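Here's the structure we're looking at; comments come further down.
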Amino acid sequence: YLTRFHDEADTTPDIADACALVVDLSEQTGGNAWPPLVAMSPLFSGANNAMWVDRDGKRTALVYPAGLEEMRQRTGESRANPLRRFDKGPLAVVTDKRTSSAGEMLLIALLGETRVQTFGSTSSGMTTANVTYSLPDGSTLVLTQSRYAIGDGPVIRGGIEPVRQIHPGDSSVDRVASAAEWVAANSASCRYTEHK
């Protein structure tokens, strides 16, 4: 995953000229959240306050930058991450009802950064952290072991509403365009680029 991420970035010539970033999670319907988290690791600060909350209410940091870096090193991928240039400044995130499960884990991790603004529609509501166990008969048991929260806030149950609702009839292009307009207007890098 990380190699493909870097390969695609290397073949996107205008990425070096971008002054702001929109993360589109509208088609992130689930799977393994860890590879995208590692790819997005420059976006997460040590102050990230996304939390796992276990059944006893104990809160543990969801994003651990040193742990993400360790995972990246294990892949053997040594190219500079193109997202490093977006480690400060505003971030826009796009969601919709298809954003689910691992997509929602990514969303919560990003919401742990105070500089994030969300756009779109409410996510699907599969906001639990699960562990999968393979059983001897070949079947699989999936157990929810924790939920998520932002800082000391309430445990997240169900879908996550965006800060800026986009009308359901708007296309995914319209949603991304709204997010891009906001992030560009609020990015010092974009304002600097306009005045050059």
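Scope of the values below: all heavy atoms of this structure, side chains included, with no hydrogens, waters or symmetry mates. For clarity, every value in this text was computed on a predicted model and none was experimentally measured.
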Flag the pair [X] / [Y] as yes when at least one side-chain heavy-atom distance between them is below 4.5 Å, and no otherwise.
X	Y	value
Phe5	Pro36	no
Val183	Leu91	no
Ile160	Thr127	yes
Phe119	Gln117	yes
Phe86	Pro42	no
Asn32	Pro35	yes
Val63	Pro65	yes

Rounded to the nearest 0.5 Å, what separation is found between the [atom1] atom of [X] and the [atom2] atom of [Y]?
X	Y	atom1	atom2	value
Asp87	Met40	CG	CE	14.5 Å
Thr128	Tyr148	OG1	OH	7.0 Å
Leu106	Gln28	CG	CD	5.5 Å
Trp52	Ile108	CH2	CD1	11.0 Å
Leu107	Ser26	CG	OG	11.5 Å
Leu143	Leu141	CG	CG	4.0 Å

Looking at every heavy atom in both [X] and [Y], which two are closest together, and how far apart are they?
X	Y	value
Gln145	Tyr133	NE2-OH, 3.1 Å
Gly120	Pro162	O-CG, 3.3 Å
Ala50	Ala109	CB-CA, 3.9 Å
Val155	Ala149	CA-CB, 4.2 Å
Glu161	Thr122	CG-OG1, 3.3 Å

Report yes or no: does [X] contribute a side-chain atom to a donor-acceptor pair with the main-chain N or O of [Y] at less than 3.5 Å?
X	Y	answer
Asn186	Trp182	yes
Arg85	Ala18	yes
Asn81	Leu83	yes
Ser45	Ala47	yes
Thr95	Ser121	yes
Arg72	Ala39	no
Ser187	Ala184	no
Arg157	Gly125	no

Query raised in the report: Is Glu27 atom CD crowded by more than 12 heavy atoms from other residues, nucleotides or ligands, each under 6.0 Å away?
Result: no
Report task. Would you indicate whether Met126, at its atom CE, is surrounded by more than 12 heavy atoms from other residues, nucleotides or ligands within a distance under 6.0 Å? Result -> no
Do [X] and [Y] belong together in a cluster built from hydrophobic side chains that touch within less than 4.5 Å?
X	Y	answer
Leu25	Leu68	yes
Val94	Leu37	no
Met51	Met105	no
Ile166	Val176	yes

Query - Reference residue Val93; test side-chain contact (heavy atoms from CB on, under 4.5 Å); the match among Leu110, Val163, Leu111 - result: Leu110
Query raised in the report: Which residue pairs pass the salt bridge (Lys or Arg N to Asp or Glu O under 4.0 Å) test when at least one of the two sits in residues 6-15, sequence neighbours left out?
Result: Arg4-Glu8, Asp7-Arg79, Asp10-Arg79
Query raised in the report: salt bridge (Lys or Arg N to Asp or Glu O under 4.0 Å): which pairs involve residues 91-109, sequence neighbours left out?
Result: Asp96-Arg98
Report task. Show the numbers, then the answer: is there a side chain to side chain contact (heavy atoms under 4.5 Å, CB included) between Val131 and Val142? Result -> CA-CA 6 Å; Val131 176; Val142 179; over 6 Å; no
Requested in this report: Check step by step if side chain to side chain contact (heavy atoms under 4.5 Å, CB included) holds for Leu43 and Arg115.
Outcome: CA-CA 10 Å; Leu43 305 179; Arg115 62 199 181 104; 4.1 Å; yes
Report task. Output all residues satisfying salt bridge (charged side-chain N to carboxylate O under 4.0 Å, His left out) with Glu181, sequence neighbours left out; order by chain, then residue number. Result -> none
Query raised in the report: Looking just at side-chain N and O atoms, do Ser146 and Asp54 make a donor-acceptor pair shorter than 3.5 Å?
Result: no
